[in-house]
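To start, the structure under review is shown below, and the notes come after it.
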Amino acid sequence: MNQPPSAADQPLTEDQLKDPRVARRDKLRRLREAGIDPWGARFDNRLMISAARELAGQIKYRTEAGQELDLPEISPDLDLRKWRGEQGPGEEIGPQVRVAGRIMLARDKGKLVFLTLRDWTGEIQIFIGKGQVGDENFDLTKLMDLGDLIGVDGRLGRTNTGELTVFAEKLHFLTKMLEPAPDKHAGLTDPELRQRMRYADLAFNDGVMKTFLDRTAIVRSVRRTLDTDGFCEVEGPTLHAIAGGAAARPFLTHHNALDMQLYLRIALELHLKRLMVGGIERVYELGRVYRNEGISPRHNPEFTMLEAYQAYGDYRTMMDLTERIVTNAIEAIGGGFKRKFGDVEIDFTPPFQRKTYAELFQTATGVDPVDVPAVMELAKSLGIETAGKHPDVIRNEIFEEKVEDSLVGPIFVIDYPASICPLTKRKADNPEIAERFEMFICGMELANAYTELNDPDLQEQLFMTQLEGMAEEDSMAKMDHDFVRALRYAMPPAGGLGIGIDRLVMILTGQRSIRDVVLFPLLRPE
RNA sequence: GAGGGCGUAGCUCAGUCGGUAGAGCAAAGGACUUUUAAUCCUUUGGUCCUGGGUUCGAGUCCCAGCGCCCUCACCA
């Protein structure tokens with residue numbers, strides 16, 4: 001994609017150079033003329049900027065008598081020049097460092113240039129004095145723009161104001177940026193541009209890198225928690241002949257050789273359960289699922305889901321596991337158990353609250369959830385359509401409207417009405433109640449777990465019931481006969497858990513939109 | 001899919017009552033060897049999202065379209 005060395009090699013006029021892109025291209029040309037590769041090369045033995053910053057304690061002031069003094073406490077009003085004067089003649093000494101990164105800010109003082117250099121671990125100031133780096137090397141600064149990548153060899157020290165600085169001795173040009181830099185203070189704020197050009201968002205907007213590195217740390221921690229518990233990570237198929245395990249519209253695709261319609265998976269559940277039948281007693285998958293539904297601050301068509309199944313456990317086993325997954329993830333990124341999300345503070349100090357669906361319903365509405373006539377009346381007063389709907393469905397719509405949004409959490413809502421939980425085992429002493437919990441934080445569903453239904457005949461029957469009255473084209477409305485057959489080979493009693501990883505990352509990193517925790521959210525083509 | 005908001009310089013944003021466009025940053029030229037959103041002087045830069053309409057005249061008002069954001073709907 002590189003443009004050939006400027007076709008027009010005649011000198012550009014001053015007016016043409018006022019276009020930032022033209023000016024950058026011209027500097028590219030001048031770099032080549034000076035015999036410098038504008039695209040750089042291998043650059044070994046550099047220190048990460050954060051590691052260089054950790055060497056600050058090695059900076060000393062050596063007096064003429066050879067005494068090495070520690071620098072004074074750094075504070076905003078410190079005048080190091082004055083302090084050095086008070087110590088008598090001498091010089092500052094510090095470790096030799098090599099760093100590399102992107103030029104974020106430049107302060108040109110004529111024969112002296114200050115740069116703010118950033119790599120993925122942090123920022124550090126670079127001091128480039130004409131006398132210190134030599135005329136030829138100093139001329140490089142005339143060819144540098146905001147956003148360029150450079151390497152610096154120099155001595156770590158402090159300026160008169162105490163700012164930790166690499167005093168450059170040698171500059172290395174590493175890569176030219178040809179596009180104009182975003183506003184140096186505000187960065188890129190247009191949400192569309194930020195998502196379309198995530199590279200620029202990461203490079204120029206404060207905090208974006210941190211959020212995505214935190215995401216990685218969270219995912220790593222989730223895996224570590226499960227691995228430590230003896231869970232086995234697997235990779236199930238993403239192309240499904242039947243899209244099951246959840247109720248969502250799937251993406252459709254086609255396999256040519258088999259001439260067969262396929263769906264992108266909408267859940268991980270049914271294949272993981274097959275593996276439990278096979279004897280993988282603790283199994284999980286952390287991967288992408290796809291749902292062909294609307295896009296919102298909480299929904300992206302592809303998102304990352306964790307599902308974990310533990311043989312001989314139940315939903316209470318999964319509650320403990322969920323709590324450990326979340327608290328370990330918090331410890332992995334730091335910041336403590338009390339965290340802000342928007343205006344609310346969430347306290348993750350375990351144990352998390354546990355309340356039954358029925359008691360939350362009763363408290364929020366003042367209506368006994370098993371009193372069907374009262375529930376129907378409440379629904380009417382809320383304007384909820386009741387015709388042709390099962391009372392449990394209506395009750396759940398009320399629950400979603402009156403309870404879920406107000407759950408700050410973290411809270412486990414437990415014991416759901418059985419009829420809305422087709423893959424869940426019923427309570428032994430009450431077939432109306434399913435052993436299920438959902439965990440809510442800030443009105444968002446983050447986790448969903450069951451004591452898994454392992455009765456193949458009941459499972460088959462529930463599938464049938466669920467399919468009744470569903471449009472044929474609703475592709476999820478298809479019986480997964482193989483899954484039922486698998487259950488007939490005996491799936492152990494088990495607890496199963498699903499966690500929306502993107503939403504977990506949102507909550508833990510304080511991001512209000514799922515698009516701020518997904519590197520490349522789905523966008524219309526430009 | 002419905003409703004609301006937004007779309008102006010490379011970036012961040014102003015733009016009054018309808019009178020042919022403004023700032024900061026970036027860029028170009030100049031001064032400055034301890035600055036830090038450096039500062040100071042000078043200069044340049046516009047398909048006002050697109051297409052229609054009203055009007056003597058539209059960035060501004062009206063209609064349609066496109067894109068983004070928010071709310072709702074959809075989403076076990």
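Protein chains get the first letters and strands the later ones, always in sequence-line order, with residue 1 at the start of each.
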Out of B:C11, B:U33, B:A27, whichever nucleotide has its closest atom nearest the side chain of A:Gln132: B:U33
Sugar-phosphate, base or nothing in reach of A:Gly245, heavy atoms under 4.0 Å: base
No-hydrogen, no-angle side-chain donor-acceptor test under 3.5 Å, A:Asn396 and A:Glu400: yes
Charged N-O contact under 4.0 Å between A:Arg436 and A:Asp415: no
Nearest-nucleotide pick for A:Pro20, side chain only, options being B:A26, B:C75, B:U12: B:A26
Nearest-nucleotide pick for A:Thr165, side chain only, options being B:C75, B:A37, B:U35: B:U35
Assigned partner base of B:G67, Watson-Crick or wobble definition, under 3.5 Å: B:C6
Sugar-phosphate, base or nothing in reach of A:Arg436, heavy atoms under 4.0 Å: sugar-phosphate
Separation between the C1' atoms of B:G46 and B:A23, rounded to whole Å: 14 Å
OP1 or OP2 of B:C69 under 4.0 Å from side-chain N/O of A:Arg515: yes
Salt-bridge contact A:Arg196-A:Glu192 (side-chain N to carboxylate O under 4.0 Å): yes
Residue whose nearest RNA chain B nucleotide is more 5′ - A:Pro297 or A:Leu523: A:Leu523
Pairwise P distance for B:G22 and B:A9, with rounding to whole Å: 15 Å
Rounded interatomic separation in angstrom, taking NZ from A:Lys130 and P from B:U34: 15 Å
P gap between B:A73 and B:A2, integer Å: 16 Å
Touch class at under 4.0 angstrom, heavy-atom based, for A:Glu179 against every strand present: nothing
Separation of B:A28 P from A:Met144 CE (nearest whole Å): 13 Å
A:Arg158/A:Glu92 salt bridge by N-O under 4.0 Å criterion: no
Touch class at under 4.0 angstrom, heavy-atom based, for A:Lys184 against every strand present: sugar-phosphate
Identified pairing partner of B:A38, criterion: Watson-Crick or G-U wobble below 3.5 Å: none
Sugar-phosphate only, base, or nothing, as touched by A:Asn396 at under 4.0 Å among non-hydrogen atoms: nothing
Sugar-phosphate, base or nothing in reach of A:Gly187, heavy atoms under 4.0 Å: sugar-phosphate
Exam field: side chain A:Arg198 to backbone A:Val518, donor-acceptor pair closer than 3.5 Å: yes
Distance test, side-chain N/O of A:Gln125 to OP1/OP2 of B:U34, below 4.0 Å: no
Between CG on residue A:Leu143 and CD on residue A:Glu33, distance to nearest 0.5 Å: 10.0 Å
Phosphate OP1/OP2 of B:U33 contacted by A:Lys109 side-chain N/O (<4.0 Å): no
Separation of B:C75 C1' from A:Glu438 CD (nearest whole Å): 12 Å
Under-4.0 Å salt bridge between A:Asp19 and A:Arg24: no
Touch class at under 4.0 angstrom, heavy-atom based, for A:Arg84 against every strand present: nothing
Partner nucleotide of B:C32 by Watson-Crick or wobble geometry (both distances under 3.5 Å): none
Integer angstrom distance from the P of B:G59 to that of B:G19: 10 Å
Residue-phosphate contact under 4.0 Å: A:Lys27 side-chain N/O, B:A28 OP1/OP2: yes
Shortest side-chain distance from A:Pro191, nucleotide among B:A27, B:G10, B:C69: B:C69
Touch class at under 4.0 angstrom, heavy-atom based, for A:Glu269 against every strand present: nothing
Partner nucleotide of B:G1 by Watson-Crick or wobble geometry (both distances under 3.5 Å): B:C72
P-based separation of B:U44 from B:A21 [nearest Å]: 15 Å
Strand partner of B:G24, provided both Watson-Crick or wobble distances fall under 3.5 Å: B:C11
Donor-acceptor pair present, A:Glu163 side chain and B:U35 base, under 3.5 Å: no
Nearest-Å distance once atom P is located in both B:U16 and B:C49: 14 Å
Minimum-distance nucleotide to A:Phe127 side chain [options: B:U34, B:G24, B:A27]: B:U34
Spacing between A:Asp145 atom CG and B:C11 atom P, to the nearest angstrom: 16 Å
Side-chain donor/acceptor of A:Asp183 to base of B:G24, under 3.5 Å: yes
Closest to the A:Arg107 side chain, choosing from B:A38, B:U34, B:C11: B:A38
A:Tyr357/A:Phe399 under ring-ring contact (aromatic ring centres under 6.0 Å, His included): CA gap, chis, key distance, verdict: CA-CA 8 Å; A:Tyr357 184 94; A:Phe399 187 84; 4.1 Å; yes
Interatomic distance where CZ belongs to A:Phe251 and P belongs to B:C75 [whole Å]: 15 Å
Residue A:Lys18, side-chain atoms from C-beta onward, closest of B:A27, B:U12, B:G10: B:A27
B:U54: syn or anti, per glycosidic angle within 90° of 0: anti
Touch class at under 4.0 angstrom, heavy-atom based, for A:Arg24 against every strand present: nothing
Whole angstrom value for the distance that separates P of B:C11 from CG of A:Leu146: 15 Å
A:Arg196 or A:His185, whichever maps to the more 5' nucleotide of RNA chain B: A:His185
Residue-phosphate contact under 4.0 Å: A:Arg524 side-chain N/O, B:C68 OP1/OP2: yes
Nucleotide nearest A:Ala186 when distance is taken to its side chain, options B:U34, B:C69, B:U12: B:U12
Protein-nucleotide distance (A:Glu397, atom CD; B:A73, atom C1'), rounded to Å: 12 Å
Side-chain ion pair, A:Arg298 and A:Asp502, N-O less than 4.0 Å: no
N/O (side chain, A:Thr159) to phosphate O (OP1/OP2, B:U35) under 4.0 Å: no
P-based separation of B:A31 from B:C6 [nearest Å]: 47 Å
Pairing nucleotide - B:G19, Watson-Crick or G-U, each distance under 3.5 Å: B:C56
Distance, rounded to the nearest Å, where A:Asn205 contributes CG and B:U12 contributes P: 9 Å
B:U55 and B:C62, which share atom name P, separated by this distance in whole Å: 16 Å
Interatomic distance, A:Thr322 atom OG1 to A:Glu438 atom CD [nearest 0.5 angstrom]: 11.5 Å
